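Below: one structure, written as C-alpha coordinates.
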Number of protein chains: 2
Amino acid sequence: MVDAEQRRRELAEAVWRVIRRDGVPGASVRAVAREAGTSMGALRHWFATQDELLRFAMTLVLERASARIEAVVAEGGPLEGRVVRLLEETLPLDDERRAEAEVWLALTARALVDPDLAELRDRSADGLHLLCGAVLRALAEDGRLRTGLDPALETERLYALLDGLAVHALTRPSALPPDRVRWVLAAHLDDLHPPV
Amino acid sequence: MVDAEQRRRELAEAVWRVIRRDGVPGASVRAVAREAGTSMGALRHWFATQDELLRFAMTLVLERASARIEAVVAEGGPLEGRVVRLLEETLPLDDERRAEAEVWLALTARALVDPDLAELRDRSADGLHLLCGAVLRALAEDGRLRTGLDPALETERLYALLDGLAVHALTRPSALPPDRVRWVLAAHLDDLHPPV
DNA sequence: AGCAAAGTAGCACAACTGTGCTAGAACGGA
DNA sequence: TCCGTTCTAGCACAGTTGTGCTACTTTGCT
(Lines give C-alpha, C1' and ligand atoms only; values in the text may rest on other atoms or scores of the structure.)
Protein backbone atom coordinates (compact mmCIF):
# COMPACT_ATOMS: atom_id res chain seq x y z
CA MET A 1 0.00 0.00 0.00
CA VAL A 2 1.34 3.38 -0.96
CA ASP A 3 1.49 6.06 1.69
CA ALA A 4 -2.14 7.05 1.69
CA GLU A 5 -1.71 10.50 3.21
CA GLN A 6 1.11 11.29 0.80
CA ARG A 7 -0.97 10.31 -2.21
CA ARG A 8 -3.88 12.44 -1.03
CA ARG A 9 -1.53 15.37 -0.65
CA GLU A 10 -0.26 14.99 -4.20
CA LEU A 11 -3.80 15.02 -5.50
CA ALA A 12 -4.68 18.04 -3.36
CA GLU A 13 -1.71 19.87 -4.82
CA ALA A 14 -3.05 19.14 -8.28
CA VAL A 15 -6.26 20.77 -7.08
CA TRP A 16 -4.32 23.89 -6.11
CA ARG A 17 -2.67 24.10 -9.50
CA VAL A 18 -6.00 23.85 -11.27
CA ILE A 19 -7.62 26.38 -8.95
CA ARG A 20 -4.79 28.84 -9.50
CA ARG A 21 -5.08 28.44 -13.25
CA ASP A 22 -8.84 28.22 -13.72
CA GLY A 23 -10.43 29.08 -10.40
CA VAL A 24 -12.56 26.86 -8.21
CA PRO A 25 -15.17 26.34 -10.96
CA GLY A 26 -12.41 24.87 -13.12
CA ALA A 27 -11.54 22.25 -10.53
CA SER A 28 -13.73 19.50 -11.98
CA VAL A 29 -13.01 15.88 -11.23
CA ARG A 30 -11.76 15.36 -14.77
CA ALA A 31 -9.57 18.45 -14.79
CA VAL A 32 -7.95 17.55 -11.49
CA ALA A 33 -7.36 13.95 -12.59
CA ARG A 34 -5.73 15.17 -15.81
CA GLU A 35 -3.60 17.67 -13.90
CA ALA A 36 -2.48 14.94 -11.52
CA GLY A 37 -1.73 12.64 -14.45
CA THR A 38 -4.17 10.00 -13.31
CA SER A 39 -7.74 8.90 -13.98
CA MET A 40 -11.14 9.76 -12.62
CA GLY A 41 -11.37 6.31 -11.12
CA ALA A 42 -8.10 6.66 -9.22
CA LEU A 43 -9.12 10.07 -7.96
CA ARG A 44 -12.43 8.74 -6.74
CA HIS A 45 -10.60 5.96 -4.96
CA TRP A 46 -8.95 8.54 -2.71
CA PHE A 47 -11.82 10.99 -2.47
CA ALA A 48 -15.34 9.64 -2.61
CA THR A 49 -16.86 12.94 -3.66
CA GLN A 50 -15.75 16.20 -5.17
CA ASP A 51 -16.65 18.08 -2.00
CA GLU A 52 -14.35 15.87 0.02
CA LEU A 53 -11.53 16.59 -2.42
CA LEU A 54 -12.04 20.35 -2.26
CA ARG A 55 -12.33 20.37 1.52
CA PHE A 56 -9.13 18.39 1.88
CA ALA A 57 -7.30 20.76 -0.46
CA MET A 58 -8.49 23.73 1.56
CA THR A 59 -7.60 22.09 4.85
CA LEU A 60 -4.09 21.50 3.59
CA VAL A 61 -3.66 25.20 2.84
CA LEU A 62 -4.55 26.13 6.39
CA GLU A 63 -2.33 23.41 7.82
CA ARG A 64 0.68 24.56 5.88
CA ALA A 65 0.25 28.18 6.90
CA SER A 66 -0.18 27.35 10.56
CA ALA A 67 2.79 24.99 10.40
CA ARG A 68 4.99 27.83 9.13
CA ILE A 69 3.75 30.12 11.86
CA GLU A 70 4.24 27.44 14.46
CA ALA A 71 7.82 27.02 13.24
CA VAL A 72 8.55 30.69 13.83
CA VAL A 73 6.98 30.53 17.27
CA ALA A 74 8.97 27.42 18.10
CA GLU A 75 12.25 29.25 17.63
CA GLY A 76 11.74 30.26 21.24
CA GLY A 77 12.68 33.38 23.08
CA PRO A 78 10.61 36.55 23.27
CA LEU A 79 8.12 36.87 20.44
CA GLU A 80 8.64 40.55 20.00
CA GLY A 81 11.61 40.34 17.65
CA ARG A 82 9.86 37.87 15.41
CA VAL A 83 6.50 39.57 15.21
CA VAL A 84 6.97 40.91 11.71
CA ARG A 85 8.15 37.58 10.32
CA LEU A 86 5.27 35.88 12.06
CA LEU A 87 2.64 38.07 10.47
CA GLU A 88 4.35 37.99 7.10
CA GLU A 89 3.83 34.25 6.99
CA THR A 90 0.17 34.96 6.36
CA LEU A 91 0.76 37.30 3.43
CA PRO A 92 1.28 36.41 -0.25
CA LEU A 93 4.90 37.55 -0.41
CA ASP A 94 6.32 34.69 -2.47
CA ASP A 95 5.00 32.13 -4.92
CA GLU A 96 4.18 29.52 -2.31
CA ARG A 97 2.27 31.84 -0.04
CA ARG A 98 0.67 33.48 -3.05
CA ALA A 99 -0.73 30.16 -4.17
CA GLU A 100 -2.10 29.54 -0.71
CA ALA A 101 -3.65 32.99 -0.56
CA GLU A 102 -5.34 32.51 -3.93
CA VAL A 103 -6.91 29.32 -2.69
CA TRP A 104 -7.81 31.06 0.55
CA LEU A 105 -9.62 33.86 -1.28
CA ALA A 106 -11.52 31.40 -3.43
CA LEU A 107 -12.48 29.54 -0.26
CA THR A 108 -13.61 32.71 1.48
CA ALA A 109 -15.84 33.71 -1.40
CA ARG A 110 -17.33 30.26 -1.77
CA ALA A 111 -17.84 29.86 1.96
CA LEU A 112 -20.50 32.56 1.74
CA VAL A 113 -22.79 30.03 0.11
CA ASP A 114 -21.29 26.69 1.22
CA PRO A 115 -21.76 25.85 4.92
CA ASP A 116 -19.17 23.07 4.86
CA LEU A 117 -16.47 25.44 3.71
CA ALA A 118 -17.73 28.12 6.07
CA GLU A 119 -16.68 25.94 8.99
CA LEU A 120 -13.15 25.69 7.60
CA ARG A 121 -13.01 29.42 6.95
CA ASP A 122 -14.16 30.16 10.49
CA ARG A 123 -11.42 27.99 11.89
CA SER A 124 -8.81 29.81 9.85
CA ALA A 125 -10.25 33.20 10.76
CA ASP A 126 -10.28 32.36 14.45
CA GLY A 127 -6.67 31.25 14.19
CA LEU A 128 -5.55 34.48 12.62
CA HIS A 129 -7.53 36.52 15.09
CA LEU A 130 -5.88 34.70 17.95
CA LEU A 131 -2.48 35.23 16.36
CA CYS A 132 -3.07 38.98 16.16
CA GLY A 133 -4.14 39.01 19.78
CA ALA A 134 -1.05 37.09 20.82
CA VAL A 135 1.19 39.45 18.90
CA LEU A 136 -0.29 42.46 20.64
CA ARG A 137 0.04 40.80 24.02
CA ALA A 138 3.68 40.01 23.28
CA LEU A 139 4.35 43.62 22.35
CA ALA A 140 2.59 44.83 25.47
CA GLU A 141 4.61 42.55 27.74
CA ASP A 142 7.76 43.99 26.23
CA GLY A 143 6.55 47.50 26.90
CA ARG A 144 6.60 48.16 23.19
CA LEU A 145 3.00 49.29 23.11
CA ARG A 146 1.79 52.86 23.38
CA THR A 147 -0.27 53.49 26.47
CA GLY A 148 -3.98 54.01 26.04
CA LEU A 149 -4.36 51.45 23.30
CA ASP A 150 -7.33 49.11 23.55
CA PRO A 151 -6.06 45.56 22.99
CA ALA A 152 -9.34 44.30 21.55
CA LEU A 153 -9.55 47.17 19.14
CA GLU A 154 -5.93 46.90 18.06
CA THR A 155 -6.38 43.17 17.48
CA GLU A 156 -9.30 43.85 15.19
CA ARG A 157 -7.41 46.61 13.42
CA LEU A 158 -4.29 44.55 12.85
CA TYR A 159 -6.34 41.60 11.68
CA ALA A 160 -8.26 43.74 9.18
CA LEU A 161 -5.05 45.34 7.95
CA LEU A 162 -3.50 41.91 7.41
CA ASP A 163 -6.35 40.52 5.36
CA GLY A 164 -6.78 43.77 3.47
CA LEU A 165 -3.11 43.72 2.54
CA ALA A 166 -3.47 40.09 1.53
CA VAL A 167 -6.39 40.83 -0.77
CA HIS A 168 -4.64 43.78 -2.36
CA ALA A 169 -1.30 42.06 -2.80
CA LEU A 170 -3.18 39.18 -4.34
CA THR A 171 -5.38 41.10 -6.73
CA ARG A 172 -3.08 43.98 -7.65
CA PRO A 173 0.47 42.63 -7.31
CA SER A 174 1.85 45.38 -9.53
CA ALA A 175 0.31 48.14 -7.42
CA LEU A 176 1.33 46.46 -4.17
CA PRO A 177 4.50 44.39 -4.59
CA PRO A 178 5.92 42.43 -1.64
CA ASP A 179 8.26 45.19 -0.52
CA ARG A 180 5.40 47.64 -0.32
CA VAL A 181 3.32 45.16 1.68
CA ARG A 182 6.17 44.74 4.16
CA TRP A 183 6.53 48.50 4.31
CA VAL A 184 2.90 49.07 5.27
CA LEU A 185 2.85 46.25 7.80
CA ALA A 186 6.08 47.40 9.43
CA ALA A 187 4.79 50.97 9.59
CA HIS A 188 1.59 49.86 11.26
CA LEU A 189 3.51 47.92 13.91
CA ASP A 190 5.89 50.85 14.41
CA ASP A 191 2.89 53.04 14.95
CA LEU A 192 1.86 50.89 17.90
CA HIS A 193 5.17 51.50 19.65
CA PRO A 194 5.51 54.22 22.25
CA PRO A 195 7.00 57.47 20.95
CA VAL A 196 10.76 57.78 21.50
CA MET B 1 -40.73 50.09 -26.09
CA VAL B 2 -40.21 49.59 -22.37
CA ASP B 3 -37.45 51.49 -20.68
CA ALA B 4 -34.52 49.36 -21.80
CA GLU B 5 -32.08 50.42 -19.08
CA GLN B 6 -34.69 49.88 -16.39
CA ARG B 7 -35.44 46.36 -17.60
CA ARG B 8 -31.76 45.50 -17.67
CA ARG B 9 -31.44 46.75 -14.12
CA GLU B 10 -34.29 44.56 -12.95
CA LEU B 11 -32.64 41.53 -14.48
CA ALA B 12 -29.28 42.46 -12.97
CA GLU B 13 -30.92 42.67 -9.58
CA ALA B 14 -32.24 39.16 -10.07
CA VAL B 15 -28.63 38.18 -10.71
CA TRP B 16 -27.64 39.67 -7.36
CA ARG B 17 -30.33 37.75 -5.54
CA VAL B 18 -29.20 34.49 -7.10
CA ILE B 19 -25.54 35.22 -6.40
CA ARG B 20 -26.32 36.02 -2.77
CA ARG B 21 -28.26 32.80 -2.40
CA ASP B 22 -26.17 30.38 -4.46
CA GLY B 23 -22.96 32.16 -5.34
CA VAL B 24 -21.70 33.05 -8.78
CA PRO B 25 -21.70 29.41 -9.93
CA GLY B 26 -25.42 29.30 -9.21
CA ALA B 27 -26.13 32.23 -11.49
CA SER B 28 -26.99 30.18 -14.56
CA VAL B 29 -29.11 31.64 -17.31
CA ARG B 30 -32.03 29.46 -16.30
CA ALA B 31 -31.74 30.26 -12.59
CA VAL B 32 -31.62 34.01 -13.23
CA ALA B 33 -34.58 33.85 -15.60
CA ARG B 34 -36.58 31.92 -13.02
CA GLU B 35 -35.61 34.38 -10.28
CA ALA B 36 -36.63 37.29 -12.48
CA GLY B 37 -39.92 35.57 -13.29
CA THR B 38 -39.25 35.48 -16.99
CA SER B 39 -37.90 33.12 -19.62
CA MET B 40 -34.50 32.24 -21.02
CA GLY B 41 -35.48 33.80 -24.31
CA ALA B 42 -36.44 37.12 -22.76
CA LEU B 43 -33.22 37.17 -20.77
CA ARG B 44 -31.19 36.51 -23.86
CA HIS B 45 -32.99 39.33 -25.60
CA TRP B 46 -31.50 41.81 -23.14
CA PHE B 47 -28.14 40.14 -22.70
CA ALA B 48 -26.69 38.25 -25.63
CA THR B 49 -24.38 36.14 -23.48
CA GLN B 50 -24.04 35.10 -19.87
CA ASP B 51 -20.78 36.99 -19.54
CA GLU B 52 -22.47 40.20 -20.60
CA LEU B 53 -25.16 39.65 -17.97
CA LEU B 54 -22.64 39.04 -15.21
CA ARG B 55 -20.49 41.98 -16.20
CA PHE B 56 -23.49 44.28 -16.22
CA ALA B 57 -24.57 43.09 -12.79
CA MET B 58 -21.09 43.73 -11.43
CA THR B 59 -20.88 47.14 -13.07
CA LEU B 60 -24.15 48.10 -11.43
CA VAL B 61 -22.74 47.30 -8.00
CA LEU B 62 -19.81 49.63 -8.51
CA GLU B 63 -22.04 52.35 -9.94
CA ARG B 64 -24.37 52.28 -6.99
CA ALA B 65 -21.55 52.48 -4.47
CA SER B 66 -19.86 55.36 -6.23
CA ALA B 67 -23.19 57.14 -6.59
CA ARG B 68 -23.68 56.98 -2.83
CA ILE B 69 -20.20 58.29 -2.23
CA GLU B 70 -20.67 61.02 -4.80
CA ALA B 71 -23.85 62.04 -3.00
CA VAL B 72 -21.99 62.51 0.27
CA VAL B 73 -19.26 64.48 -1.48
CA ALA B 74 -21.88 66.63 -3.21
CA GLU B 75 -23.22 67.85 0.10
CA GLY B 76 -20.48 70.44 -0.19
CA GLY B 77 -18.38 72.14 2.44
CA PRO B 78 -15.16 70.77 3.90
CA LEU B 79 -14.81 67.03 3.53
CA GLU B 80 -13.33 66.51 6.95
CA GLY B 81 -16.59 66.28 8.84
CA ARG B 82 -18.02 63.72 6.45
CA VAL B 83 -14.98 61.50 6.16
CA VAL B 84 -16.34 58.71 8.33
CA ARG B 85 -19.70 58.61 6.54
CA LEU B 86 -17.86 58.65 3.22
CA LEU B 87 -15.76 55.62 4.03
CA GLU B 88 -18.65 53.80 5.66
CA GLU B 89 -20.46 53.85 2.35
CA THR B 90 -18.00 51.20 1.17
CA LEU B 91 -18.61 48.86 4.09
CA PRO B 92 -21.33 46.22 4.50
CA LEU B 93 -23.13 47.96 7.34
CA ASP B 94 -26.71 47.37 6.21
CA ASP B 95 -28.53 44.91 4.00
CA GLU B 96 -28.12 46.91 0.82
CA ARG B 97 -24.40 47.44 1.19
CA ARG B 98 -24.01 43.89 2.43
CA ALA B 99 -25.53 42.56 -0.79
CA GLU B 100 -23.19 44.73 -2.81
CA ALA B 101 -20.20 43.60 -0.81
CA GLU B 102 -21.09 39.95 -1.29
CA VAL B 103 -21.21 40.45 -5.02
CA TRP B 104 -17.98 42.41 -4.83
CA LEU B 105 -16.20 39.59 -3.01
CA ALA B 106 -17.44 37.05 -5.53
CA LEU B 107 -16.22 39.34 -8.29
CA THR B 108 -12.82 39.79 -6.67
CA ALA B 109 -12.29 36.07 -6.34
CA ARG B 110 -13.44 35.32 -9.86
CA ALA B 111 -11.39 38.16 -11.33
CA LEU B 112 -8.27 36.21 -10.40
CA VAL B 113 -9.00 33.89 -13.32
CA ASP B 114 -11.27 36.01 -15.54
CA PRO B 115 -9.51 38.89 -17.36
CA ASP B 116 -12.79 40.59 -18.29
CA LEU B 117 -13.83 40.87 -14.67
CA ALA B 118 -10.29 41.82 -13.67
CA GLU B 119 -10.69 45.05 -15.59
CA LEU B 120 -13.84 45.89 -13.64
CA ARG B 121 -12.20 45.00 -10.37
CA ASP B 122 -9.20 47.19 -11.17
CA ARG B 123 -11.48 50.11 -11.87
CA SER B 124 -13.21 49.69 -8.54
CA ALA B 125 -9.93 49.25 -6.70
CA ASP B 126 -8.47 52.37 -8.29
CA GLY B 127 -11.58 54.28 -7.28
CA LEU B 128 -11.33 53.23 -3.67
CA HIS B 129 -7.62 53.93 -3.57
CA LEU B 130 -8.22 57.43 -4.91
CA LEU B 131 -10.96 57.93 -2.34
CA CYS B 132 -8.60 57.01 0.50
CA GLY B 133 -6.00 59.39 -0.89
CA ALA B 134 -8.56 62.19 -1.12
CA VAL B 135 -9.69 61.59 2.43
CA LEU B 136 -6.16 61.87 3.74
CA ARG B 137 -5.56 65.02 1.74
CA ALA B 138 -8.74 66.50 3.16
CA LEU B 139 -7.65 65.69 6.70
CA ALA B 140 -4.22 67.15 6.04
CA GLU B 141 -5.63 70.41 4.69
CA ASP B 142 -7.68 70.73 7.84
CA GLY B 143 -4.60 70.24 9.95
CA ARG B 144 -6.18 67.12 11.38
CA LEU B 145 -3.24 64.93 10.45
CA ARG B 146 -0.32 64.07 12.70
CA THR B 147 2.97 65.42 11.41
CA GLY B 148 5.46 62.93 10.04
CA LEU B 149 2.87 60.76 8.39
CA ASP B 150 3.64 59.58 4.87
CA PRO B 151 0.52 60.21 2.74
CA ALA B 152 1.22 57.34 0.33
CA LEU B 153 1.70 54.92 3.17
CA GLU B 154 -1.35 56.08 5.08
CA THR B 155 -3.44 55.78 1.91
CA GLU B 156 -2.34 52.18 1.50
CA ARG B 157 -2.93 51.47 5.15
CA LEU B 158 -6.41 52.98 5.22
CA TYR B 159 -7.32 51.20 2.01
CA ALA B 160 -6.17 47.85 3.36
CA LEU B 161 -8.01 48.43 6.62
CA LEU B 162 -11.21 49.23 4.75
CA ASP B 163 -11.17 46.12 2.60
CA GLY B 164 -10.06 43.96 5.50
CA LEU B 165 -12.97 45.23 7.58
CA ALA B 166 -15.28 44.62 4.64
CA VAL B 167 -14.15 41.01 4.29
CA HIS B 168 -14.46 40.34 8.00
CA ALA B 169 -17.83 42.04 8.41
CA LEU B 170 -19.00 40.05 5.42
CA THR B 171 -17.72 36.64 6.43
CA ARG B 172 -18.11 36.86 10.21
CA PRO B 173 -20.99 39.25 10.85
CA SER B 174 -21.51 37.88 14.33
CA ALA B 175 -17.88 38.44 15.32
CA LEU B 176 -17.79 41.87 13.72
CA PRO B 177 -21.22 43.53 13.77
CA PRO B 178 -21.72 46.98 12.19
CA ASP B 179 -21.12 48.88 15.41
CA ARG B 180 -17.80 47.17 15.89
CA VAL B 181 -16.80 47.94 12.30
CA ARG B 182 -17.59 51.63 12.84
CA TRP B 183 -15.67 51.54 16.10
CA VAL B 184 -12.50 50.22 14.44
CA LEU B 185 -12.71 52.60 11.51
CA ALA B 186 -13.33 55.62 13.73
CA ALA B 187 -10.42 54.61 15.97
CA HIS B 188 -8.10 54.34 13.01
CA LEU B 189 -9.06 57.80 11.78
CA ASP B 190 -8.71 59.22 15.30
CA ASP B 191 -5.27 57.73 15.42
CA LEU B 192 -4.26 59.82 12.43
CA HIS B 193 -5.19 63.03 14.22
CA PRO B 194 -2.56 65.06 16.03
CA PRO B 195 -2.40 64.47 19.80
CA VAL B 196 -4.45 66.95 21.80
C1' DA C 1 3.06 -19.70 -7.42
C1' DG C 2 -1.25 -18.27 -5.94
C1' DC C 3 -4.53 -15.18 -4.18
C1' DA C 4 -6.64 -11.38 -1.98
C1' DA C 5 -6.30 -6.57 -1.45
C1' DA C 6 -5.09 -2.08 -3.24
C1' DG C 7 -5.13 0.87 -6.78
C1' DT C 8 -6.27 2.35 -11.58
C1' DA C 9 -8.89 3.11 -15.77
C1' DG C 10 -12.68 4.73 -17.97
C1' DC C 11 -17.53 3.86 -19.64
C1' DA C 12 -22.57 4.95 -18.64
C1' DC C 13 -25.94 7.75 -16.95
C1' DA C 14 -28.77 11.54 -15.68
C1' DA C 15 -28.53 16.15 -14.74
C1' DC C 16 -27.04 20.22 -15.80
C1' DT C 17 -24.76 24.16 -18.76
C1' DG C 18 -24.80 28.27 -22.58
C1' DT C 19 -26.36 29.43 -26.85
C1' DG C 20 -28.84 29.08 -31.58
C1' DC C 21 -33.06 29.18 -33.19
C1' DT C 22 -38.04 29.43 -34.43
C1' DA C 23 -42.67 30.70 -33.26
C1' DG C 24 -45.75 33.58 -31.45
C1' DA C 25 -47.50 37.46 -28.36
C1' DA C 26 -47.80 42.42 -27.40
C1' DC C 27 -47.37 46.91 -28.83
C1' DG C 28 -47.31 51.43 -31.71
C1' DG C 29 -47.80 54.14 -35.66
C1' DA C 30 -50.28 54.68 -40.25
C1' DT D 1 -57.17 47.46 -39.56
C1' DC D 2 -52.81 46.30 -40.96
C1' DC D 3 -47.91 45.73 -40.49
C1' DG D 4 -43.44 45.97 -38.64
C1' DT D 5 -40.89 46.16 -34.51
C1' DT D 6 -40.10 44.78 -29.89
C1' DC D 7 -40.38 41.45 -26.68
C1' DT D 8 -41.27 36.77 -24.78
C1' DA D 9 -41.28 31.76 -24.63
C1' DG D 10 -39.02 27.66 -24.76
C1' DC D 11 -37.27 23.70 -27.59
C1' DA D 12 -32.90 21.66 -29.61
C1' DC D 13 -28.24 20.79 -29.50
C1' DA D 14 -23.69 19.88 -28.19
C1' DG D 15 -20.95 19.98 -24.41
C1' DT D 16 -19.66 19.38 -19.44
C1' DT D 17 -20.57 17.92 -14.84
C1' DG D 18 -20.44 14.43 -10.61
C1' DT D 19 -20.96 9.90 -9.51
C1' DG D 20 -22.09 4.70 -9.90
C1' DC D 21 -20.16 0.93 -11.61
C1' DT D 22 -17.41 -2.83 -13.71
C1' DA D 23 -13.15 -4.51 -15.41
C1' DC D 24 -8.47 -4.42 -15.25
C1' DT D 25 -3.52 -4.10 -13.45
C1' DT D 26 -0.36 -3.96 -9.79
C1' DT D 27 1.25 -5.05 -5.25
C1' DG D 28 2.46 -7.69 -1.32
C1' DC D 29 1.86 -11.48 1.68
C1' DT D 30 1.80 -16.57 2.49
Side-chain angles (χ1 to χ4, degrees), chain A residues 1-59 103 106-107 109-111 113-117, chain B residues 1-59 106-107 109-111 113-117 120:
Chain A
M1 186 167 73
V2 303
D3 183 337
E5 190 62 16
Q6 179 57 30
R7 187 80 182 103
R8 283 165 66 96
R9 275 169 196 271
E10 285 171 17
L11 296 173
E13 283 166 19
V15 173
W16 297 354
R17 290 196 296 275
V18 176
I19 288 184
R20 294 191 62 192
R21 195 188 329 118
D22 305 317
V24 178
S28 69
V29 178
R30 285 164 183 82
V32 172
R34 201 178 320 126
E35 173 69 35
T38 182
S39 69
M40 289 168 53
L43 192 53
R44 286 204 73 230
H45 176 74
W46 297 103
F47 300 96
T49 70
Q50 153 120 323
D51 272 9
E52 191 187 332
L53 172 59
L54 276 188
R55 252 200 314 281
F56 183 81
M58 301 296 193
T59 307
V103 175
L107 155 74
R110 202 181 169 91
V113 292
D114 181 336
D116 278 347
L117 288 182
Chain B
M1 185 168 74
V2 304
D3 184 335
E5 190 62 18
Q6 179 56 31
R7 188 80 180 101
R8 283 166 66 96
R9 272 168 198 273
E10 284 170 21
L11 296 173
E13 280 165 21
V15 173
W16 295 355
R17 290 196 295 275
V18 176
I19 288 184
R20 294 190 63 190
R21 195 188 330 118
D22 305 316
V24 178
S28 70
V29 178
R30 285 165 182 80
V32 171
R34 202 179 317 125
E35 173 69 36
T38 182
S39 69
M40 288 169 53
L43 192 53
R44 285 205 73 228
H45 175 74
W46 296 103
F47 299 95
T49 70
Q50 153 118 325
D51 272 9
E52 191 188 330
L53 172 59
L54 274 188
R55 252 199 314 279
F56 183 81
M58 301 297 192
T59 307
L107 156 74
R110 201 180 169 92
V113 292
D114 182 335
D116 278 348
L117 289 183
L120 261 180

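Only a predicted model underlies this, so the values are computations on that prediction, with no experimental measurement involved. Numbered from 1 within each chain, the chains take letters A, B, ... in sequence-line order.
Atom CZ of A:Arg30 and atom P of D:dG15 are 14 Å apart (whole Å). To the nearest angstrom, P of D:dG20 lies 11 Å from CE of A:Met40. The distance between atom NE2 of A:His45 and atom P of D:dA23, rounded to the nearest whole Å, is 19 Å. Taking atom CD of residue B:Gln6 and atom P of nucleotide D:dC7, one finds them 14 Å apart after rounding to whole Å. In this structure, CZ of B:Phe47 is placed 16 Å from P of C:dG20, rounded to the nearest angstrom. In this entry the distance linking CZ of B:Arg34 with P of D:dG10 reads 12 Å, nearest Å. Counting to the nearest Å, the P atom of C:dC27 and the CG atom of B:Asp3 are 16 Å from each other. Across the protein-nucleic acid pair, A:Trp46 atom CH2 and C:dA6 atom P stand 10 Å apart, rounded to whole Å.
Side-chain N or O atoms of A:Arg8 include one that pairs as donor or acceptor with a backbone N or O of A:Trp46 at under 3.5 Å.
B:Leu120 is listed as a side-chain neighbour of B:Thr59, based on a closest heavy-atom distance under 4.5 Å. Between A:Val113 and B:Asp22, the closest side-chain pair of non-hydrogen atoms is not below 4.5 Å.
The base of D:dG20 sits within donor-acceptor range of the side chain of A:Arg44, with an N or O pair under 3.5 Å. Under 3.5 Å, the side chain of A:Arg7 and the base of C:dG7 form no donor-acceptor pair of N or O atoms.
Looking at A:Glu10 and A:Arg7, a side-chain N of the basic residue comes within less than 4.0 Å of a carboxylate O on the acidic one, giving a salt bridge.
Across every non-hydrogen atom of A:Ala31 and A:Val18, the tightest pair is O-CG2, 4.1 Å. Closest approach of A:Ala33 and A:Leu43 over heavy atoms only: N-CD2, 3.9 Å. B:Trp16 and B:Ala57 get closest at one heavy-atom pair: NE1-O, 3.1 Å.
Counted within 6.0 Å of CZ on A:Arg9, heavy atoms from surrounding residues, nucleotides or ligands total 12 or fewer; the atom is thus considered open.
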Query raised in the report: What do the steps show when you test B:Val15 against B:Leu54 for side chain to side chain contact (heavy atoms under 4.5 Å, CB included), and what is the final call?
Result: CA-CA 8 Å; B:Val15 173; B:Leu54 274 188; 4.1 Å; yes

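Within residues 49-59 of chain A, the residues having any heavy atom under 4.0 Å from DNA chain D are, by residue number, A:Thr49, A:Gln50. The stretch residues 9-29 of chain B has no heavy atom under 4.0 angstrom from DNA chain D at all.
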